[in-house]
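All values below come from the heavy atoms of this structure, side chains included, with hydrogens, waters and symmetry mates left out. Lettering follows sequence order; numbering is per chain, from 1.
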Amino acid sequence: MNLTLKIWRQKDAASQGSIVDYQVKGIEGDMSFLEMLDVLNEQLITKGDDPVVFDHDCREGICGACSLQINGEPHGPDRLVTTCQLHMRKFNDGDTIYIEPFRAKAFPVVKDLMVDRSSFDRIQQAGGYVSVNTSGNTIDANAIPVNKDDADESFEAATCIGCGACVAACKNASAMLFTSAKVSQFALLPQGQVEATDRVLAMVNQMDEEGFGNCTNTGACEIECPKGISLENIARMNREYLKASLKG
Amino acid sequence: MGGLIKSSIARKVAMALSGLFLVFFLLQHFTINFTSIFSADVFNELSHFMGTNPLVQFALQPVLIFGVVFHFVMGFVLELKNRNARAVKYAKYSGGANASWVSRNMIYSGLVILAFLGLHFYDFWIPEMVHKYVEFAPEDPTRYYPELLHRFESPVRTGLYVVSFVFLALHLWHGFASSFQSVGFNNKYSVAATKFAKAFSIIIPLGFIVIAIILHLTH
């Protein structure tokens, strides 16, 4: 199939960017979206132009590196997939596709479609861990009984790959779904209780300091999340936060 | 506790709680208005009580006004902060693909309701305040129903009220159910609570519309 691509090009963080049109030919339906961009970049390099810069790593939907706002939706029109898992068969010959970086003040553009998502790392560093010494004295996980439902919910929260689609989809650029998943995965387990109060306060505080917007419960994040992280996590974080604020 | 003041979650909870408070007020207002379509005497009696009871006038009324002002001001503050969180807008943004129009445009339905409140205050609250606390006019317990009918004489005013109630329904459709999530209420009762909130958001504004039309036709 032949496509018209409208891609955001930006030289660096300090420069003004703009949408540039490209024609790309010979795209197969079995290609992933990133492979389609590889084809475009080969065309550009052959012509002596700068290739389009975009984030990618594992290309199998588990690392959270790929991003891209495709036709107005993070990771494109498909559900529960990352951009690297998005197949070109979802598009039609002759389509025009808008490709933009994830937009948020807390995700500044580095170059073209690549954004700096280290604000997520800083939220995680603020409290998304358990201070248990695991070097040389690891305790069998089964030694601490955990309710099966809690274990499942915790696991589901922990499947968040931190790609930032929730922020990109949210009309307010809110990071509540990401932060709540990282809070929930510990809040549901006995191992997470020791630091529960400090964790939620520190992570929410960091989230606010990074300049993310406020959640207005539109639910866009849950729909666009490639891992299907549930809004229940946000309600849980709200409870945890209120509990911690009143306690601390 | 200090961080609670500037925290995004605290602001969200404050919006939810003030919204829930206004929902309770709406129900109370609807109940009194509803009596007007079947008994002028009951409406007069209730209005007289609300208009003269010191607890209502000097305790509940200021709390209500604070609740309304707080909800609007906080709504605007959050909207500005949220717009600022995405300085560069998308060239193409498919908001409708993952969220309802109502949930994405609460600020606009809220602005219509704010404009309506201006009209409503001009029609009822300001004349009432002038009557009682400026002119110190003698109290007539039977004046309320005729005054109400008089206000709904105009088809334009009745139409404006009807349109405003439609926007109130839209605002409640997202806001009421959303407030449960904001205060952390998400459990096995959530589905039933959401259904109740959605039903409320249709039935109460529809009731206000029916009352406005009946009063207009009665005149």
Side-chain angles (χ1 to χ4, degrees), chain A residues 6 8 17-19 69-74 77 79 97-98 100-101 103-107 109 167-176 200-201 204-205 207-208 211-224 230-243 245-246 248, chain B residues 1-17 19 74-75 77-107 110 174-188 190 193-194:
Chain A
K6 288 181 171 293
W8 182 263
S18 64
I19 295 279
Q69 189 82 351
I70 301 163
N71 274 348
E73 288 184 79
R79 294 288 175 251
I97 306 173
Y98 279 82
E100 298 174 77
R103 295 272 187 220
K105 198 174 152 193
F107 286 170
V109 173
V167 175
C170 177
K171 78 176 189 70
N172 310 320
S174 167
M176 286 285 279
V200 68
L201 292 175
V204 170
N205 183 46
M207 176 185 79
D208 290 344
F212 290 105
N214 299 274
C215 172
T216 50
N217 301 323
T218 67
C221 52
E222 184 185 52
I223 301 288
E224 297 292 354
S230 164
L231 287 179
E232 283 175 28
N233 291 300
I234 296 184
R236 183 178 297 108
M237 182 166 77
N238 292 343
R239 284 198 301 276
E240 289 285 318
Y241 185 83
L242 290 173
K243 214 163 59 181
S245 298
L246 297 173
Chain B
M1 287 288 283
L4 204 58
I5 310 295
K6 52 183 180 180
S7 138
S8 59
I9 292 182
R11 283 194 291 256
K12 178 178 152 132
V13 170
M15 271 306 273
L17 292 178
M74 187 59 100
V77 168
L78 289 175
E79 179 67 19
L80 289 175
K81 280 181 174 292
N82 292 342
R83 284 177 185 234
N84 190 40
R86 179 169 289 135
V88 181
K89 306 294 172 208
Y90 288 114
K92 186 176 170 72
Y93 181 63
S94 304
N98 47 41
S100 66
W101 184 92
V102 176
S103 70
R104 289 180 286 118
N105 292 283
M106 290 293 277
I107 188 70
H174 175 70
F176 192 5
S178 166
S179 64
F180 300 146
Q181 166 84 0
S182 292
V183 296
F185 182 82
N186 194 323
N187 51 42
K188 61 181 177 178
S190 296
T194 302

Engineer: With distance as the sole test, does Glu73(A) use its side chain to make a donor-acceptor pair with the main-chain N or O of Ser94(B) at under 3.5 Å?
Structural biologist: no
Engineer: Between Leu231(A) and Gln181(B), is the side chain to side chain contact (heavy atoms under 4.5 Å, CB included) condition met? List the steps.
Structural biologist: CA-CA 9 Å; Leu231(A) 287 179; Gln181(B) 166 84 0; 3.9 Å; yes
Engineer: Of the backbone (N, CA, C, O) and the side chain (C-beta and beyond), which part of Ser182(B) lies under 4.5 Å from a heavy atom of chain A, both, or neither?
Structural biologist: both
Engineer: Quick check against the 3.5 Å criterion: does Tyr90(B) have a side-chain atom that pairs as donor or acceptor with the backbone of Arg103(A)?
Structural biologist: yes
Engineer: Quick check: do Ile9(B) and Met176(A) have side-chain heavy atoms less than 4.5 Å from each other?
Structural biologist: yes
Engineer: Closest approach of Arg239(A) and Val183(B), non-hydrogen atoms and distance?
Structural biologist: CG-O, 4.4 Å
Engineer: Shortest non-hydrogen contact from Glu224(A) to Asn98(B)?
Structural biologist: OE2-ND2, 2.7 Å
Engineer: Provide the closest heavy-atom pair for Ala169(A) versus Tyr93(B) in the form atom of the first, atom of the second, distance.
Structural biologist: O-OH, 2.6 Å
Engineer: At what distance, to the nearest 0.5 angstrom, does CZ of Arg83(B) lie from NZ of Lys171(A)?
Structural biologist: 7.5 Å
Engineer: At their closest point, which heavy atom of Ala85(B) faces which heavy atom of Gly211(A), and how far apart are they?
Structural biologist: CB-O, 3.6 Å
Engineer: Pro101(A) versus chain B, heavy atoms under 4.5 Å apart: side chain, backbone, both or neither?
Structural biologist: backbone
Engineer: Can you find a heavy atom in the side chain of Asn217(A) that is under 4.5 Å from one in the side chain of Ser103(B)?
Structural biologist: no
Engineer: Count the heavy-atom pairs under 4.5 Å between each of Asn84(B), Asn82(B), Leu78(B), Val13(B) and chain A, then report the option with the highest count.
Structural biologist: Asn82(B)
Engineer: Side chains of Asn214(A) and Lys12(B), heavy atoms from C-beta outward: is any pair under 4.5 Å?
Structural biologist: no
Engineer: Hey, could you give me the CG/NZ distance between Asn172(A) and Lys81(B), rounded to the nearest 0.5 Å?
Structural biologist: 12.5 Å
Engineer: Between Lys92(B) and Asn71(A), is there a side-chain heavy-atom distance shorter than 4.5 Å?
Structural biologist: yes
Engineer: Which region of Cys170(A), side chain (C-beta onward) or backbone (N, CA, C, O), has a non-hydrogen atom less than 4.5 Å from a non-hydrogen atom of chain B, or is it both or neither?
Structural biologist: backbone
Engineer: Can you see which heavy atom on Val204(A) is nearest to which on Ser7(B), and at what distance?
Structural biologist: CG1-OG, 4.4 Å
Engineer: Is chain B contacted by the side chain of Phe212(A), its backbone, both, or neither, given a heavy-atom distance below 4.5 Å?
Structural biologist: backbone
Engineer: Looking at Gly213(A), is its backbone amide N or carbonyl O close enough to the side chain of Arg86(B) to form a donor-acceptor pair, meaning the two atoms are under 3.5 Å apart?
Structural biologist: no
Engineer: Given heavy-atom pairs under 4.5 angstrom as the criterion, report whether the side chain, backbone, both or neither of Ile19(A) touches chain B.
Structural biologist: side chain
Engineer: If you tally heavy-atom pairs under 4.5 Å against chain A, which of Ala97(B), Ala87(B), Ala16(B) wins?
Structural biologist: Ala97(B)
